[in-house]
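Below: one structure, written as structure tokens.
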Amino acid sequence: MRTKITLACTECKQRNYDTTKDKKAHPDRMETMKYCRFCRKHTTHKETK
């Protein structure tokens, strides 16, 4: 079952992206490089609650 998650920028702490993930296949928190419109550059985004 896919669950909704929110990705937040690690530099400015803004919540920028909403996406889904499969908790059975990936139980740990997701971390990816994405564009942050507030920082105006690519930064690491981590899954938040």
Side-chain angles (χ1 to χ4, degrees):
M1 181 172 158
R2 297 188 71 80
T3 57
K4 289 184 180 179
I5 61 168
T6 303
L7 298 175
C9 177
T10 55
E11 291 187 19
C12 67
K13 308 297 189 238
Q14 291 285 329
R15 295 178 179 200
N16 299 327
Y17 293 97
D18 291 324
T19 187
T20 62
K21 79 168 190 175
D22 184 10
K23 285 224 175 181
K24 282 189 179 179
H26 306 285
D28 50 341
R29 291 202 176 196
M30 196 166 96
E31 186 173 318
T32 184
M33 289 292 286
K34 289 221 170 250
Y35 181 77
C36 178
R37 62 183 183 162
F38 303 101
C39 298
R40 294 186 179 159
K41 60 184 175 179
H42 281 83
T43 59
T44 305
H45 283 67
K46 286 187 179 179
E47 178 183 344
T48 60
K49 291 186 178 179

From SG (Cys12) to CZ (Arg40), nearest 0.5 Å:
12.0 Å
Test side chain to side chain contact (heavy atoms under 4.5 Å, CB included), reference Thr19, set Glu47, Met30, Arg2, output is Met30
Is the backbone of His26 close enough, under 3.5 Å, to the side chain of Lys21 for a donor and an acceptor to pair up by distance?
yes
May I have the step-by-step check of side-chain contact (heavy atoms from CB on, under 4.5 Å) for Leu7 and Lys34, ending in yes or no?
CA-CA 9 Å; Leu7 298 175; Lys34 289 221 170 250; 4.1 Å; yes
Is it true that a side-chain atom of Thr10 and a backbone atom of Thr44 form a donor plus acceptor pair closer than 3.5 Å?
yes
Distance in Å, Cys9 SG paired with Tyr35 OH, rounded so as to fall on 0.5 Å steps:
11.0 Å
Does the Thr48 side chain pair with the main chain of Thr6, one donor and one acceptor, at a distance under 3.5 Å?
yes
What is the distance from atom NE2 of His45 to atom CD of Gln14, rounded to the nearest 0.5 Å?
9.5 Å
How many angstroms lie between CG in Asp18 and CD1 in Ile5, if you round to the nearest 0.5 Å?
9.0 Å
